[in-house]
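The block underneath contains the structure these notes are about, expressed in structure tokens.
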Amino acid sequence: MSLHLNALSGIKVRISIPSRVKAGIVVLAWGVFLASSALTAILQGVLVPARFYGGYNAQAGFPSGIVFFYVAIFGVSILAGIVLADVGRALLGTFASYGFAIVLTFTALSLPTLQSPFPPALLTDVAAVFTFTAFFPLPIIVILVGALLGAGISERL
């Protein structure tokens, strides 16, 4: 991949990015997006364990905000698969970004343990439950299907 920058003075700058570096940047950005989407859904109250494990009220209906979460992670997974442009890289990138997103989400949810009057074990347990709820089981399937679909689209182009 080459990037050409033209300045007003007519000086041309050419920056070449190796494909391994490009893939690493895509995987890191993908993981950051997944974590930020999960944290946004958790903090908005649409992706909390009470709604999914035992607290779901059938009369209240399915929370509409969760649809945006799944559409967002599906869309960014398709884009990442297109940029990675290889099924093998997309598959490895899926699991690497998924793991990175889990670590980022757990870390962000565990930060209150540093300055909280509550026991750290309690807050860490809550962070683990929220992280598990946010990333398992449906999101990994959505992310994997999106990445493979994106890689398939890029191979067709």
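Atom OG1 of Thr105 and atom CZ of Phe130 lie 12.5 Å apart (nearest 0.5 Å). Atom CG in Leu148 sits 11.0 Å away from atom CD1 in Ile153 (nearest 0.5 Å). Atom CG of Leu84 is separated from atom OG of Ser154 by 8.5 Å, given to the nearest 0.5 angstrom. A distance of 11.0 Å separates OG in Ser36 from CG in Leu43, rounded to the nearest 0.5 Å. Atom CG of Leu122 is separated from atom OG1 of Thr113 by 11.0 Å, given to the nearest 0.5 angstrom. Rounded to the nearest 0.5 Å, atoms OG (Ser77) and CZ (Phe33) are 8.5 Å apart.
Residues Thr107 and Val103 have side chains in contact (heavy-atom distance under 4.5 Å, counting atoms from C-beta outward). Annotation: side chain of Ile143 is in contact with side chain of Tyr98 (closest heavy-atom distance under 4.5 Å). The shortest distance between side-chain heavy atoms of Phe95 and Ile140 falls below 4.5 Å. For the pair Phe69 and Thr40, the minimum side-chain heavy-atom distance is 4.5 Å or more. The shortest side-chain heavy-atom distance between Thr94 and Trp30 falls under the 4.5 Å cut-off. For the pair Asp86/Glu155, a side-chain contact is recorded, criterion being any heavy-atom separation below 4.5 Å from C-beta on. Counting heavy atoms from C-beta on, the side chains of Phe100 and Leu28 come closer than 4.5 Å. Between Leu123 and Ser116, the closest side-chain pair of non-hydrogen atoms falls below 4.5 Å.
Although no hydrogens or angles enter the test, the distance criterion places no donor-acceptor pair under 3.5 Å between the side chain of Thr124 and the main chain of Ala121. Ser37 places no side-chain N or O within 3.5 Å of a backbone atom of Leu34 that could act as its donor or acceptor partner.
Among all heavy-atom pairs drawn from Leu109 and Ala127, the shortest one is CB-CB, 3.7 Å. When all heavy atoms are compared, the tightest approach of Pro112 to Ala108 is CD-O, 4.0 Å. Of all the heavy atoms in Ala35 and Phe135, the pair that sits closest is CA-CZ, 4.2 Å. Phe106 and Ala128 make their closest contact through CE1-N, 3.7 Å (heavy atoms, listed as atom of the first residue, atom of the second, distance). Of all the heavy atoms in Ile17 and Lys22, the pair that sits closest is CG2-N, 4.0 Å. Minimum interatomic distance between Thr133 and Leu47 (heavy atoms only, all atoms of both residues): O-CD1, 4.4 Å.
With hydrophobic clusters built from ILVMFWY side chains whose heavy atoms lie under 4.5 angstrom apart, Ile102 shares a cluster with Phe136. Neither Leu149 nor Leu92 shares a network with the other; the hydrophobic side chains, linked directly or stepwise wherever heavy atoms of I, L, V, M, F, W or Y lie under 4.5 Å apart, form separate groups for each. Hydrophobic clustering (side-chain heavy atoms under 4.5 Å, transitive across Ile, Leu, Val, Met, Phe, Trp, Tyr) groups Phe132 together with Ile141. Both Leu144 and Leu138 are part of a single hydrophobic cluster, where members link through side-chain heavy atoms under 4.5 Å apart. By the rule that hydrophobic residues join a cluster once side-chain heavy atoms approach within less than 4.5 Å of another member, Val76 and Phe74 end up as members of one cluster.
Heavy-atom neighbours of Phe68 CZ from other residues, nucleotides or ligands within 6.0 Å: at or below the threshold of 12.
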